[in-house]
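What follows is a single structure, written as structure tokens, with notes after it.
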Amino acid sequence: MTIGVLGGGQLGRMLGLAGLPLGFSFVFLDPAEDAPAAIAGEVIRAPWDDAEALATLAAKCDVITWEFENVPEAAARRLAEARPVFPPPESLAVSQDRLLEKQHFARLGIPTPPFAAVATEAEVQAALGTIGLPALLKTRRMGYDGRGQRVLRDAADAGPAVAALGGVPLLLERFVPFERELSVVAARGRDGETAAWPVIENHHGGGILRLSLAPAPRLAEERRTRAEGWARMLLESFGYVGVLALELFETAEGLLANEMAPRVHNSGHWTIEGARTSQFENHVRAVAGLPLGDTAPCGVSAMVNLIGTLPPAGALQGVPGLHLHVYGKSPRPGRKLGHATLCAGSLAEILRLLDRLPPIAGLPHPAHG
Ligand SMILES: Nc1ncnc2c1ncn2[C@@H]1O[C@H](COP(=O)(O)OP(=O)(O)O)[C@@H](O)[C@H]1O
Ligand SMILES: [Mg+2]
């Protein structure tokens, strides 16, 4: 069976690396010149809206999925006329618009920070009355890794923020003083079976994920169950097939949903070595119509993103239990170039191993010591 993937970035590369041993072949579509997924299959290099390229992809593949969340919904829908496309394109449309996404959460009864759709400075000023300060102004579409966001500390920040974000539809959100960020990565098979990995603790810097710890230390059982329940509700709401991630804020009062990603997720990379079945393998299994694999963790894991620059060759491999993944991308500030996963038997051991890492740009120190 050949699996077509919209997007040929590192997520596509790791999908391919998980699916090749299972006997699948991959064809990727990506406009980029040096797609990291090229090591795992053919890459059709074309713009997302290239009808001929989409037709070629459909002709070469039995089933189609995506690894990039900003693939135009129209491309997914066009492919769906020719081949089964998983996850359902509707999940792509919802996740691409922060307003539709938060409204979808609200319909399912999943709590979020208070939000309002705005476009002009006057609308922001009016909405601040109910949202309160500090607040976050986000572009509704095309944001990622903290791009397309401005913090509003007082009302005077509204004008410059609207101007900086460029006259596009916006979402104003209350700035949540969260205790930590969490995520749930979960999968649903074609037969409706669902499975979730343990809830993950995430540390961001400059809007980019830097470090994930799994299972999230000291998470109350009731909150863990709630987070998993929300992920399952989302999967069911779309009749979803594949892996989905839900990002959460944990506050003193409880959990709030931030956003969802209808794809394999950076906070789930630890599952490659740290779980019985990885998010990549389960995504492949799901879209191919196979049973899902066991999502139980093997001990405790930490995933460290390598952003902007890679440590010198060999600098990381001396740390016991460390698994290095390099994506084959040219270095650029803020660019995800690779990640390293540490696996151990306990949180204490993971924290000791993190202390042994060579300096890694932007790596925070998790406060669990
Ligand atoms: N309402 C909020 N309150 C506090 N921090 C936020 C809020 N929304 C986003 N952030 C911070 O910014 C990061 C990136 O925002 P997010 O909405 O997840 O956008 P994206 O990941 O698509 O860039 C979050 O992981 C979180 O650290
Ligand atoms: Mg996010």
Side-chain angles (χ1 to χ4, degrees), residues 7 9 11 67-71 91-106 110-118 124 127-128 130-153 157 161 164-165 168-185 199-213 216 227 230-231 234 243-269 303 305 307 334-336 362-364 366-367:
L11 301 179
E67 58 93 71
F68 176 61
E69 183 177 340
N70 285 323
V71 165
S91 63
L92 191 63
V94 167
S95 71
Q96 282 173 353
D97 183 330
R98 293 186 194 277
L99 177 63
L100 299 185
E101 184 176 58
K102 290 231 158 53
Q103 289 172 336
H104 191 83
F105 291 155
I110 301 174
T112 67
F115 63 91
V118 293
V124 174
L128 280 175
T130 49
I131 303 294
L133 283 163
L136 217 58
L137 195 58
K138 303 180 179 179
T139 58
R140 275 173 56 179
R141 304 183 67 86
M142 301 304 274
Y144 70 99
D145 286 348
R147 288 171 219 219
Q149 302 195 8
R150 290 290 181 283
V151 180
L152 307 186
R153 302 202 182 279
D157 294 337
L165 293 174
V168 294
L170 301 167
L171 195 73
L172 183 71
E173 270 180 39
R174 181 173 303 161
F175 187 91
V176 179
F178 53 77
E179 290 172 347
R180 63 175 166 174
E181 294 189 71
L182 302 170
S183 61
V184 198
V185 181
V199 174
I200 305 150
E201 175 182 302
N202 299 314
H203 298 259
H204 291 80
I208 309 180
L209 181 67
R210 305 284 169 167
L211 169 70
S212 293
L213 284 178
W230 291 346
L234 281 169
V243 167
L244 170 145
L246 172 63
E247 298 181 10
L248 302 163
F249 299 135
E250 183 171 36
T251 73
E253 291 75 41
L255 301 177
L256 297 173
N258 172 34
E259 63 170 354
M260 58 169 265
R263 52 168 171 77
V264 288
H265 194 252
N266 194 170
S267 72
H269 289 2
M303 190 282 314
N305 264 342
I307 295 167
R335 201 171 199 206
K336 291 173 180 169
L363 182 64

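Excluded from the calculations below are hydrogen atoms, water molecules and symmetry mates; all remaining heavy atoms, backbone and side chain alike, are included. Counting convention: from 1, in listed order, for ligands and their atoms alike.
Minimum-distance N/O/S atom of Glu259 relative to the Mg ion (ligand 2): OE2. The Mg ion (ligand 2) lies closest to atom OE1 when only the N/O/S atoms of Glu247 are considered.
The two residues Ala257 and Leu248 have their closest heavy-atom pair at CA-CD2, 3.8 Å. The minimum heavy-atom distance between Val264 and Leu11, with the atom names listed, is O-CD1, 3.7 Å.
Identified under the ring pair (Phe, Tyr, Trp, His ring centres under 6.0 Å) test for residues 246-267, with sequence neighbours left out: Phe178-Phe249.
For Asp145, every N, O or S atom stays at 2.8 Å or more from the Mg ion (ligand 2).
Closer than 4.0 angstrom to ligand 1 by heavy atom are Arg98, Leu136, Lys138, Gly143, Tyr144, Asp145, Gly146, Gln149, Glu173, Arg174, Phe175, Val176, Phe178, Glu181, His204, Glu247, Phe249, Asn258, Glu259, sorted by chain and number.
Using a cut-off of 4.0 Å between Lys/Arg side-chain N and Asp/Glu carboxylate O, Arg263 and Glu67 are scored as not salt-bridged.
With sequence neighbours excluded, the residues forming a ring-ring contact (aromatic ring centres under 6.0 Å, His included) with His104 are Phe238, listed by chain and number. For Asp145, the side chain to side chain donor-acceptor pair (under 3.5 Å) partners at least two apart in sequence or on another chain are Lys336.
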TODO: Could you go through the salt bridge (Lys or Arg N to Asp or Glu O under 4.0 Å) check for Glu173 and Arg98 one step at a time?
DONE: CA-CA 10 Å; Glu173 270 180 39; Arg98 293 186 194 277; 5.7 Å; no
